[in-house]
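These notes are about the structure you will find just below.
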Amino acid sequence: MKRKKAYFIDAGYVVREGKTYVTLLLKGRKTVKLYYQQDPYFLVEGPVERADEFLNIETQRKNGELTSPKDVKIVEKQVGLEKKRFIKVMCRIPADVPVIRQAIPFPCYEYSIPFARRFIYDMQISPFDIITYEREGRFIRKILKIQSKEAPKLKILAFDIETYNPVGAPREHKDPIIMISYAGDKKGVISCKKSKNRFVETVKDEKQMLERFVEIVKQENPDVLVGYNSATFDLPYLKARSDVLGIKLDLGRFRGHLREMKKGLIKGFEIKGRIHFDIYPIARLFGFIGVIKVQKYTLDAVAEDVLGKKKIDVKKEEIWKLWDSGDIDKLAEYSLVDSELTKALGERFLPLEVEMSSVAKMPLFQTSLSTSGQLVESLLMFHACRRKMIIPRRPAGESVFERINAPIQGAFVKLPEPGIYENMAVLDFRGLYPSIIVSYNIDPGTLVEDGEAVHLSPTNAKFSEKETGLIPEVLDYLVDMRSKIKGELKELDKESEEYIRISARSQALKILSNSFYGYLGYARSRWYSRPCAESVTAWGRKHINETIEKAEKQGFQVLYADTDSVFLIYREKNDVLKFMNDINNELPEKMELELEGFYPRGVFVSKKGEEKGAKKKYALLAEDGRIKIRGFELVRRDWSKVAKQTQKQVLEAILIDGSKEKAVKIIREMIQEISSGKVPLEMLAISTQLNKNPGSYEVKSPELSAAKKMIKAGMTAEKGSMISYVVGKKGTTISEKAEPIELAKDYDPEYYISHQILPAVMKIMKELGYDEYSMRHGGKQQSLDSFF
DNA sequence: GCCGTAGGACTACCA
DNA sequence: ACTGGTAGTCCTACGGCG
């Protein structure tokens, strides 16, 4: 028997002659697919001594065939703090698990774990580990050794298709694909029209174009096929056209097949033997967790934000015109740039996804379609398996509903006193919630009714100290690993591959660690625990409030606090450092208060129409001259550029120049400019996302009305669309006046002055003693002592 | 029927 | 389809007034 070594890339399974085999995609000198026989199973909490009787159970598969358990075993598993014996029911094929389980009148566990992932958890392998195995033909007889090493270099090929559709959206059965571009080691465009561009390869017809594309994929033989929105557009379209033209779209390795699938709410398109990597859902997740910040999730917007590069400007409606004109040079270039941008985004996001996959123990393709909650869940399942703990079941529908309807109390936010301040220090708790979970051993399994040596939470929940809980243990490991890695990072050249990989790992660890608290309080979580989640936030509130009290006792003025941060006014920087030290000496070992920064100047504003300060809204001038802005309209995408730009300039005038006169001048000039009617419409557009389909709204709104106008004009506006509209002159209500930017002809100056510019700047100018009238009409400053 | 406003729907932000 | 806390806009329903 041959002994071999290779990177473990992906797992799937096949059923052959009634037996189940895990398929392993392995990357060594060559990339191979090998088989490993393993039976699916689930666990039963029932009469262990009569386990053999389970073998007599006979039940029907979906197709009517009869089946029964293949074998039963007795296994010991931990439940909470005790050990219990379970019956392990071995099945013949994965599809038997749900049917046999339903025939068993006892509580069952671990019956809804995808088989390939079950293999990863049982073998304790991470994606991209190196395994040593004994091979006999196409079969793995034994897996001998598992080593974690850096992930292998994965080869990428990006692609993009263009379709011919003179009306509306392309129709698969009718509208042909006119171009396919790709970018890997080689790049190019395949088309059936001629172009002067060297990179365009001309073929006879659409059928040849598809065949040529398949050929190129085979030649390049990428590990990862990258597209943008390719799971819901390019690949299904390619598949449909192939069917129409009667050819096989053989994009996979080893006669791999294609399959549309769904993971949660996210659609995927599986290419067996390769990893299909759709940038779109990944960009959505990264937007959600704050890795990137974009206005909308188009290739153009994401590429600009992430790479600082834009697409070639060709509108979707123009594609068929360019094609018909016969001169396809520009179109080919456009298509190629799309593939190149997609490739660059793939290269940018792949390292992070690879690390997330390896940390969370979830194959890369599935990782790319996962939410952070699913990744945390996978990681916990892996370690529960290692610790021989029973994996909790997913909650039933009713309990999900109950959980959603009983939210837990969250963080504390201190009300700021509006004003302009100098010499501020911001301190924050590093990884507050993770450090609380670790310090107090918060876990559903360590929760006890009473007993000695317990951590008593402010909500009176008790957590045993006897054994480290699953969640605190895993979290501590992640946090520890991250701090080690951060040390290594300092030694490395920022341009090196090593640095990119390790910083991706650090980021993956951070994302995962920060998701644990949310996961504890997530209604669909397997490890949901109300007392645990409540205790985390309660301890958080306790720590931040105690910090505020102690700061005040030491004579600091505490301006503001939110969740894990405090804003102080100081006289000497040393006082702050000393205070921080004092606090840290009293904190549990894993918790730490850090200096976020010193800020020479900062501004807090009041809530609209009230004297009270506004929370989550402030601007700080850092020592290096940069301005840190939170919550203001200028960081929101649903305000017009004019308003945001004016507000930004006003804040800069006040914080950097310390000149309110300059601020006044900026505002007056902008009001003038708007009144003149000369402001370009794109400066006035307000962008809002539709989170529902246009038909399902209860109330009218400007964005909805604009969306309806778009639909009427033949454009698409649906759930998820970003609607950009300008408030025009025609109509009475704002909704009536709202025109989609694509159709807008004019704008209403009065609206922009009193609904955009003034609300955005008045909350700041009010702190300087100006009122709205004086801003509009050039009156004098009102009372109040001058600040500067 | 008009006016002003409280409250709800909705979005996007902070941590 | 990870959590809760928060500001703010626009619309709508409602009550007071005449």
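Letters A, B, ... mirror the listed sequences (proteins, then strands); counts begin at 1.
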Sugar-phosphate, base or nothing in reach of [X], heavy atoms under 4.0 Å:
X: A/Lys414; answer: nothing
X: A/Gln374; answer: nothing
X: A/Ser565; answer: nothing
X: A/Asp428; answer: nothing
X: A/Ile266; answer: nothing
X: A/Tyr618; answer: sugar-phosphate
X: A/Gly264; answer: nothing
X: A/Val635; answer: sugar-phosphate
X: A/Gly518; answer: base

Evaluate the ring planes of [X] and [Y], with Trp represented by its six-membered ring, and classify them as parallel (under 30°), tilted (30 to 60°) or perpendicular (over 60°).
X: A/Tyr560; Y: A/Phe567; answer: perpendicular
X: A/Trp539; Y: A/Phe463; answer: tilted
X: A/Phe349; Y: A/Phe286; answer: perpendicular

Does [X] put a side-chain nitrogen or oxygen below 4.0 Å from OP1 or OP2 of [N]?
X: A/Thr371; N: C/dC2; answer: yes
X: A/Lys616; N: C/dT6; answer: no
X: A/Arg636; N: B/dT11; answer: no
X: A/Lys617; N: B/dC13; answer: no
X: A/Tyr751; N: C/dC10; answer: yes
X: A/Tyr725; N: C/dC10; answer: no
X: A/Thr688; N: B/dA12; answer: no
X: A/Lys607; N: C/dA7; answer: yes
X: A/Tyr697; N: B/dT11; answer: yes
X: A/Arg637; N: B/dA12; answer: yes
X: A/Lys615; N: B/dC13; answer: no

In whole angstroms, how far is the [atom2] atom of [N] from the [atom1] atom of [X]?
X: A/Gln647; N: C/dA7; atom1: CD; atom2: P; value: 16 Å
X: A/Phe604; N: C/dT6; atom1: CZ; atom2: C1'; value: 14 Å
X: A/Tyr522; N: C/dG4; atom1: OH; atom2: C1'; value: 16 Å
X: A/Ile686; N: B/dA12; atom1: CD1; atom2: C1'; value: 14 Å
X: A/Arg630; N: B/dA12; atom1: CZ; atom2: P; value: 18 Å
X: A/Lys766; N: C/dA7; atom1: NZ; atom2: P; value: 13 Å
X: A/Ile723; N: C/dT9; atom1: CD1; atom2: C1'; value: 17 Å
X: A/Trp527; N: C/dT3; atom1: CH2; atom2: C1'; value: 19 Å

Measuring from the side chain of [X] (C-beta onward, heavy atoms only), which nucleotide among [options] has the closest atom?
X: A/Trp639; options: B/dA12, C/dT9, C/dG4; result: C/dT9
X: A/Glu698; options: C/dT9, B/dA9, C/dG5; result: B/dA9
X: A/Lys293; options: B/dC13, C/dC10, B/dA9; result: B/dC13
X: A/Pro702; options: C/dC10, B/dA15, B/dC10; result: C/dC10
X: A/Ala614; options: C/dA7, C/dG4, C/dT12; result: C/dA7
X: A/Asp562; options: B/dA12, B/dC13, B/dC14; result: B/dC14

**Over all atoms of both residues, closest heavy-atom pair of A/Glu703 and A/Leu690** =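 Nearest pair, atom of A/Glu703 first, then A/Leu690: CG-CD2, 4.1 Å.
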
**Asked** Which heavy atom of A/Lys361 sits nearest a heavy atom of A/Ser126, and at what distance?
**Response**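 So the minimum-distance heavy-atom pair works out to NZ-OG, 2.7 Å.
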
**Prompt:** So does A/Lys730 pair up with A/Glu736, basic N to acidic O under 4.0 Å?
**Reply:**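 Result for this pair is no, no salt bridge flagged.
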
**Message:** Hydrogens and angles aside, do A/Tyr433 and A/Ser513 bring a side-chain donor and acceptor to less than 3.5 Å of each other?
**Reply:**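 Absent: no donor and acceptor within the cut-off.
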
**Prompt:** So which one's nearest nucleotide on DNA chain C is more toward 5', A/Arg524 or A/Gln409?
**Reply:**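 Final value for this comparison: A/Arg524.
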
**Asked** If you measure from CD on A/Glu596 to CG on A/Leu620, what distance do you get to the nearest 0.5 Å?
**Response**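 Reported value, rounded in 0.5 Å steps: 8.0 Å.
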
